[in-house]
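Right, one structure below, let's go through it.
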Amino acid sequence: MKFFHTADWHLGKLIHGVYMTEDQEFVLNQFVEAIRLERPDAVIIAGDLYDRAIPPTEAVDLLNRTLRTITIDLQTPVFAIAGNHDSPDRIHFGSELMKAQGLYLAGQFQYPYEPVELVDEHGKIHIHLIPYADPSVVRYKLKNDDVRSHDDAMRILVNTIAETMDQEARHIFVGHAFVTPSGEMEENTSESERPLSIGGAEYVNSHYFKHFHYTALGHLHQAHYIREENIRYAGSPMKYSISEEHHKKGFYIVELDGQGDITIEKRELKPLREMRTVKAKLDELLRHEICADYVFVRLLDENPVLQPMEKIRTVYPNAMHVERVLHKQGKTDTGEAAASRHQMDDMSLLKAFYKEMRGTELSDVKQQIFLDVLNEVREREGERR
């Protein structure tokens, strides 16, 4: 059996006020074309189809068109679950009707449940669709008060599934969770993914998935495996924050043989616009060729720049963020000290600014010049009133 493993489409994503729908359609068209050429037996989407519980209309339309092309035009079944960004009810609605068209959607966590059974030339394959669910939901559904964390929920759920697994079938688990080698805390590789819980209770032990021949995961946006080659995150199909700048985005092509052994190929997707960091002085940056990439600019100018974004967008019209590097302190000016600055008087603010820029104190002579100019400006404003 050959299948595609993808996840974390986040349709309807909004980044710095820009909707990513056009970019998402660009990469999904490549994904659909790969299905057309490769003819997989199935497509697995491991959660976060949408970026929010109530997605914009354009996102819903894009998902509808994409799934229709895959399931009806290309006659390829799709197995998808809800992630933590999705509305379980929205994803689950109509799921029984859609099965007849080859679209298997698991939005709400349900138990007991039946895995989806496929058959290839080697025999049966069971696909276990387990959507994201809060531990309290799993505790209620399983009627087990021992479920207190995401790790508890996954351990008890998987052990319950294992008790009734058909030993003659090959098994694929589809889930949406933060899985680490032994359930230890790890840093997320993307700023665009919200935590599943607070206080370190979101991490799940990868050893629980030993019962499955392949575990298709969603939630983390960087493609990688966890401890074993057959426990994998596909990652998101495109970059959703500058923290993902160096990620290689795409999907997995997985082949499962008669013994349950797997071979995996990573297939990359080309973005419509890159997302990257640009470091330069403003004069140098303005000599760059005009580029539509989504850039996060770090200005290296020692002196302040007036209306930097307006100038930057003459070269990078899709610039998303600009900050100035403070060479003396090795920090960036992103407004972290805004609250304290608002409490300063004019002279204190100037002295702090001058020291920040020049690394030296403002002299008495320059302080007096500033006061003279400030008083003159105030007198003129008073005359206008």
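Residue numbers start at 1 and run along the sequence shown.
Residues that satisfy the side-chain hydrogen bond (donor to acceptor under 3.5 Å, both in side chains) test with Lys99, not counting sequence neighbours, are Glu96. Annotation: ring pair (Phe, Tyr, Trp, His ring centres under 6.0 Å) contacts of Tyr50 (sequence neighbours excluded): none. For Glu22, the side-chain hydrogen bond (donor to acceptor under 3.5 Å, both in side chains) partners two or more places apart in sequence, or in a different chain, are Arg273. Checked against salt bridge (charged side-chain N to carboxylate O under 4.0 Å, His left out), Arg155 has the following partners two or more places apart in sequence or in another chain: Asp151, Asp152. Looking at residues two or more places apart in sequence or on another chain, you find no ring pair (Phe, Tyr, Trp, His ring centres under 6.0 Å) involving His92. His211 pairs by the ring pair (Phe, Tyr, Trp, His ring centres under 6.0 Å) definition with nothing, not counting sequence neighbours. With sequence neighbours left out, the side-chain hydrogen bond (donor to acceptor under 3.5 Å, both in side chains) criterion links Thr215 to no other residue. Scored by the salt bridge (charged side-chain N to carboxylate O under 4.0 Å, His left out) test, Lys249 finds Glu244 as partners (sequence neighbours excluded). Legend: residues meeting ring pair (Phe, Tyr, Trp, His ring centres under 6.0 Å) with Phe79, ordered by chain and number and at least two apart, are Tyr104. Here Glu191 pairs with nothing under the side-chain hydrogen bond (donor to acceptor under 3.5 Å, both in side chains) rule; sequence neighbours left out.
Ring to ring, Tyr132 and His219 are not that close: their centroids are 6.0 angstrom or more apart. Between His16 and Tyr294, the ring center distance fails the sub-6.0 Å criterion.
Grouped with Leu306 in a hydrophobic cluster is no other residue, since no side-chain heavy-atom contact under 4.5 Å to another Ile, Leu, Val, Met, Phe, Trp or Tyr is found.
Under the side chain to side chain contact (heavy atoms under 4.5 Å, CB included) test applied with Leu28, the options Asp23, Leu63, Thr66, Thr6 reduce to a single match, Thr66.
Residue pairs satisfying the side-chain hydrogen bond (donor to acceptor under 3.5 Å, both in side chains) criterion with at least one member in residues 251-260, sequence neighbours excluded, are listed as follows: Arg232-Tyr252.
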